[in-house]
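The structure appears below as structure tokens.
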2 protein chains.
Amino acid sequence: MAAQRGRATGRPPTMKDVAALAGVGLATVSRVINGTPVDPVLTAQVTEAAKQLGYRHDPTASSLRRSDRRTRTVGLILEDVANPFSSLLHRAVEDVTSELGLLLLAGSSDEDPERERSLLGAFHARRVDGLIVVPTGQVNDELQAVRRQGMPIVCVDRAAELDGVDTVTVDNAGGVGDAVRRLHALGHREIAFLGDQVSLWTAQRRWEGFVATMAALACPLREGWVRRDLHGEAAGERAAREVLTGDTLPTALVTSQNLLTIGARYALQDLGLQHTVAHVGFDDFELANLLSPPLSVIAQDPKALGRRASELLLSRLDGYEGPERHVVLPTRYVARGSGEITRPRPGRGDTAR
Amino acid sequence: MAAQRGRATGRPPTMKDVAALAGVGLATVSRVINGTPVDPVLTAQVTEAAKQLGYRHDPTASSLRRSDRRTRTVGLILEDVANPFSSLLHRAVEDVTSELGLLLLAGSSDEDPERERSLLGAFHARRVDGLIVVPTGQVNDELQAVRRQGMPIVCVDRAAELDGVDTVTVDNAGGVGDAVRRLHALGHREIAFLGDQVSLWTAQRRWEGFVATMAALACPLREGWVRRDLHGEAAGERAAREVLTGDTLPTALVTSQNLLTIGARYALQDLGLQHTVAHVGFDDFELANLLSPPLSVIAQDPKALGRRASELLLSRLDGYEGPERHVVLPTRYVARGSGEITRPRPGRGDTAR
DNA sequence: CTGAAAGCGCTTACAG
DNA sequence: CTGAAAGCGCTTACAG
């Protein structure tokens with residue numbers, strides 16, 4: 001009678017249905033599905049029955065009972081899934097996790113601690129196997145608590161001093177320092193700096209790289225040429241415009257973030273200074289090469305960040321229990337033109353206005 | 001004795017732990033957590049116990065037993081989470097789903113039916129509440145099968161003729177037609193066309209818009225000026241270069257996809273023709289305005305696509321059982337300069353080479 | 001309103 | 001190797 005059942009009506013077929021049709025016990029079906037050795041004949045019966053019913057294994061029900069509780073999902077907390085940096089990182093993570101059949105739950109924190117906390121809670125509650133997060137830096141206590149409960153966590157793009165939490169970052173200070181040195185070698189001494197919100201870990205590191213290198217090169221920092229804590233393209237444009245229409249003009253400009261770079265470039269072009277004032281931005285752009293002059297950048301490799309972060313996470317999933325690891329990836333200066341503008345002859349005087 | 005238990009050692013606290021600490025039945029805890037009316041005193045006890053233990057509700061275990069089987073997750077199949085169009089769409093979907101506490105499982109099909117099938121299977125097996133997919137068009141049978149099993153599905157960016165599947169697309173043909181008409185109004189008659197892989201639904205629609213409008217305007221199509229089935233930036237550049245170095249040159253160029261537009265623009269700039277040959281691309285770019293001349297585009301609104309798709313999905317989750325809906329969003333022509341180059345005087349003869 | 005019991009789809013000791 | 005039974009964390013009829 002039980003074996004008579006066959007294909008059920010509405011609901012999707014379950015292991016019980018498969019067992020009934022194959023004429024074996026429920027446990028045997030489970031074993032076949034999970035690859036535990038089973039008599040070839042029974043295996044064939046089960047496989048056939050499963051195919052016939054269109055059986056789909058339910059990984060969440062499975063995870064509930066398994067001893068390791070693995071859900072085969074990974075949580076990813078990005079700043080914004082839509083920004084190019086985040087989305088490239090996202091893709092790199094997907095490339096390595098999908099290879100293993102892991103699914104990705106992704107969300108955007110928007111730099112908002114409350115949102116980060118909420119995503120963290122939701123992913124934790126769903127028992128993802130691990131977490132890759134670009135931390136705002138203000139939710140570290142909660143991250144630590146979740147980590148202590150056994151959830152592997154890797155922080156990426158921004159460091160975090162948390163027990164058992166691996167990090168993958170970029171040499172932000174080194175990248176900016178390198179750019180400043182190159183500008184210096186081209187004669188530049190009057191270098192302006194546009195910086196992102198100071199609460200961001202990366203903004204802090206980039207600023208430190210600027211200050212340290214300028215000091216090492218004995219270049220004075222002029223107050224009006226340093227604009228920090230800027231958020232977004234419009235702020236970048238405004239700040240650049242102010243810097244570039246002041247009493248004395250800098251001969252070079254370093255913009256330490258994506259949107260600030262775009263904003264500054266608008267200002268430069270609007271003032272007709274794009275061929276006069278050297279400009280280097282942090283982070284690369286798709287179309288940087290099509291601009292005139294092409295934009296020189298301190299490029300980071302979001303794909304490499306994502307890949308390394310995933311690898312660190314996977315090693316934890318594979319049982320690595322050692323101390324936290326801190327990977328620092330290099331940046332790469334891409335000379336395209338805007339950063340190779342030499343310093344105009346001194347004595348020519350102020351040009352703007 | 002049971003109430004004595006209190007906080008367990010290693011594992012995260014469960015409803016049972018909360019019930020024990022609060023001195024109530026398991027069901028009561030469940031009711032409090034789910035907001036079913038419960039005596040205020042008991043409610044307080046449960047809330048307190050939950051807080052004290054740091055209890056986290058497990059939504060997946062919950063979904064297993066609930067009558068509606070809701071997992072509170074939505075699956076999203078994009079072409080590539082890293083491409084700007086997809087990631088903006090992704091963000092728009094996140095904005096509406098996160099509002100409702102739904103989590104997003106996202107994946108990239110890479111235009112590969114096998115990958116789409118695999119993601120579809122994985123999401124289905126995980127019993128997501130619904131699916132938003134940018135379909136390759138070659139997995140429609142499987143999509144239909146999943147839909148018939150009760151899973152709400154919305155296709156976005158590309159239409160699909162499937163029972164009970166809503167779609168949100170853009171007026172691709174209309175957008176291209178509009179651009180062609182504008183070029184025609186500026187005197188252009190010799191208009192070249194670069195098209196994406198012909199297997200893509202959007203490529204097909206854009207091509208149809210081009211052909212139909214050219215015919216309506218009595219502009220002949222010259223064989224050498226039509227290049228279709230191109231994939232990626234390099235192919236676009238190559239094709240554009242060939243078109244622009246032929247015996248007779250077109251006076252305007254329509255490129256019907258993102259990467260083709262970039263590739264073509266490289267070719268134009270390399271040949272020094274960017275101020276001579278009019279150029280309109282399909283889909284907008286972040287930096288289009290910084291180019292010289294700025295790039296005119298047929299813009300679509302990926303955020304609107306994502307938002308509408310989410311809304312349609314949510315209405316299905318809310319119980320809408322009516323016939324499938326097909327939303328078509330308009331495109332918007334953005335005149336920036338490259339598309340406003342007028343046709344050079346006839347009789348000036350061929351300029352290039 | 002409340003609690004004990006059954007059961008969601010599965011895995012895993014536990015006996016045979 | 002195989003199957004019946006217990007149980008993962010929860011919800012939901014079912015009686016009280």
Side-chain angles (χ1 to χ4, degrees), chain A residues 2-3 5 8 10-46 49-50 53-72 124-127 129 149, chain B residues 2-3 5 8 10-46 49-50 53-72 124-129 149-150:
Chain A
R5 221 161 154 211
R11 58 178 183 67
T14 145
M15 267 196 183
K16 212 158 108 186
D17 300 324
V18 176
L21 184 61
V24 301
L26 184 57
T28 300
V29 177
S30 174
R31 291 190 186 102
V32 171
I33 300 289
N34 288 289
T36 317
V38 159
D39 178 277
V41 178
L42 294 188
T43 303
Q45 285 171 230
V46 169
L53 292 175
Y55 171 73
R56 295 210 67 95
H57 186 235
D58 184 336
T60 58
S62 157
S63 99
L64 189 58
R65 192 57 177 90
R66 329 183 61 89
S67 46
D68 59 12
R69 294 295 260 108
R70 289 286 169 88
T71 57
R72 303 200 63 70
H124 184 210
R126 261 179 181 83
R127 271 74 172 173
D129 295 339
Q149 290 193 36
Chain B
R5 220 160 153 211
R11 59 179 183 65
T14 146
M15 267 195 182
K16 211 158 107 184
D17 301 323
V18 176
L21 184 62
V24 301
L26 184 57
T28 300
V29 178
S30 174
R31 290 189 187 103
V32 171
I33 300 289
N34 288 289
T36 317
V38 160
D39 178 279
V41 178
L42 295 188
T43 303
Q45 284 171 232
V46 169
L53 293 175
Y55 170 73
R56 294 210 67 96
H57 187 236
D58 184 336
T60 58
S62 157
S63 98
L64 189 57
R65 192 58 177 92
R66 338 182 53 93
S67 46
D68 59 12
R69 293 296 259 110
R70 290 284 169 89
T71 57
R72 303 199 63 71
H124 184 211
R126 260 178 182 84
R127 270 76 170 173
V128 295
D129 295 338
Q149 290 191 36

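Just so we're on the same page: letters track the sequence lines, and every chain starts at 1.
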Could you spell out the base pairing of DNA chain C as a dot-bracket line? Use Watson-Crick and G-U wobble contacts where both distances are under 3.5 Å, [ ] for crossing pairs, | for partners on a different strand.
|||.||||||||.|||
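Looking at residues 24-39 of chain B, you'll see B:Val24, B:Gly25, B:Ala27, B:Thr28, B:Arg31, B:Val38, B:Asp39 sit with a heavy atom under 4.0 Å from some atom of DNA chain C. The stretch residues 61-69 of chain B touches DNA chain D through B:Ala61, B:Ser62, B:Leu64, B:Arg65, B:Arg66, B:Ser67, each having a heavy atom within less than 4.0 Å of the strand.
Between B:Arg56 and B:Pro12, every side-chain heavy-atom pair lies at or beyond the 4.5 Å cut-off. B:Pro59 places none of its side-chain heavy atoms less than 4.5 Å from the side chain of B:Arg72.
The salt bridge (Lys or Arg N to Asp or Glu O under 4.0 Å) search around B:Asp129 returns none, not counting sequence neighbours.
With respect to A:Arg70 and A:Asp68, no salt bridge is recorded, no charged nitrogen being found less than 4.0 Å from a carboxylate O. Using a 4.0 Å cut-off between charged side-chain N and carboxylate O, B:Asp58 and B:Arg65 make no salt bridge.
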In sequence, state the C-alpha distance, the side-chain angles, and the governing distance for B:Thr71 and A:Thr60, and then conclude on side-chain contact (heavy atoms from CB on, under 4.5 Å).
CA-CA 10 Å; B:Thr71 57; A:Thr60 58; 5.9 Å; no
What do the steps show when you test B:Val46 against B:Val24 for side-chain contact (heavy atoms from CB on, under 4.5 Å), and what is the final call?
CA-CA 8 Å; B:Val46 169; B:Val24 301; 3.8 Å; yes
Worked check of side-chain contact (heavy atoms from CB on, under 4.5 Å) between B:Leu42 and B:Val32
CA-CA 9 Å; B:Leu42 295 188; B:Val32 171; 6.0 Å; no
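If you walk DNA chain D from 5' to 3' and mark each nucleotide with an atom closer than 4.0 Å to a heavy atom of chain A, the marks span D:dC1 to D:dG9.
Across every non-hydrogen atom of A:Tyr55 and A:Thr14, the tightest pair is CE1-C, 3.6 Å.
Rounded to the nearest 0.5 Å, atoms CZ (A:Arg126) and OG (B:Ser63) are 8.5 Å apart. Atom CG of A:Leu21 sits about 9.5 Å away from atom CD of A:Gln45, to the nearest 0.5 Å.
Pairs passing the side-chain hydrogen bond (donor to acceptor under 3.5 Å, both in side chains) check and including a residue from residues 31-40 of chain B, sequence neighbours excluded, read B:Ser30-B:Asn34.
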